[in-house]
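Everything numeric here is computed off the predicted structure, so don't read it as measured data.
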Amino acid sequence: FGFLAAATYAGIYFVCGLPLRALQDDLKSFAQQMSTYNQTLSGSLLQVYWQTVLNFMGRSHNPLVLTGEAMDQQQLSQVMQNTNQVETIRVIWYCRMVLAFHFGMLRTSNHHHENE
């Protein structure tokens, strides 16, 4: 349950408007621990939040695509669909929506969603 608590912490911290650098550091550390203990469900949720934070910090090629240091959106989405991990899929879409709103790209986000 400790790793699910870490994923919950990430989700709550993410929406509180606090500085992202500290959260990014925590998420990186949590991801390493979850990988060590093979915590795939909690780890996948955490990867989504971590990559979202990185996108907010300008550390991705496209702010609406969750691909970079923490995860590959296409690859993780496929794995989650194949294993019916609907919660992680929901979090991917939620985080992409938040990014689209923040960067003023809601119409672009809707277009990408319709084409996927």
Euclidean distance, [Y] [atom2] relative to [X] [atom1], rounded to 0.5 Å:
X     : Y     : atom1 : atom2 : value
Asn55 : Thr67 : CG    : OG1   : 8.0 Å
Leu76 : Gln51 : CG    : CD    : 10.5 Å
Asp72 : Gln47 : CG    : CD    : 10.0 Å
Met57 : Gln24 : CE    : CD    : 5.0 Å
Leu99 : Ser60 : CG    : OG    : 8.0 Å

### Query
Between Asp26 and Tyr13, does any side-chain donor sit less than 3.5 Å from a side-chain acceptor?
no
What heavy-atom pair brings [X] and [Y] nearest, and what distance separates the two atoms?
X     : Y     : answer
Gln73 : Leu64 : OE1-O, 3.9 Å
Leu46 : Ala6  : CD1-O, 4.3 Å
Arg96 : Leu66 : CG-CD1, 3.8 Å

### For Glu87, all residues meeting salt bridge (Lys or Arg N to Asp or Glu O under 4.0 Å), sequence neighbours excluded
Arg90
### Summary
Across all chains, not counting sequence neighbours, the salt bridge (Lys or Arg N to Asp or Glu O under 4.0 Å) partners of Asp25 are Arg21
### ILVMFWY cluster, Val48 and Val15 together (side-chain gap under 4.5 Å)
yes
### Query
Just wondering, are more than 12 heavy atoms of other shown residues or ligands nearer than 6.0 Å to CD in Gln81?
yes
Donor-acceptor pairs are to be reported for all side-chain atoms of residues 28-37 against protein atoms at under 3.5 Å, with residues two or more places apart or in another chain.
| from | atom 1 | to | atom 2 | distance (Å) |
| --- | --- | --- | --- | --- |
| Ser29 | OG | Gln33 | NE2 | 3.3 |
| Thr36 | OG1 | Gln32 | O | 3.0 |

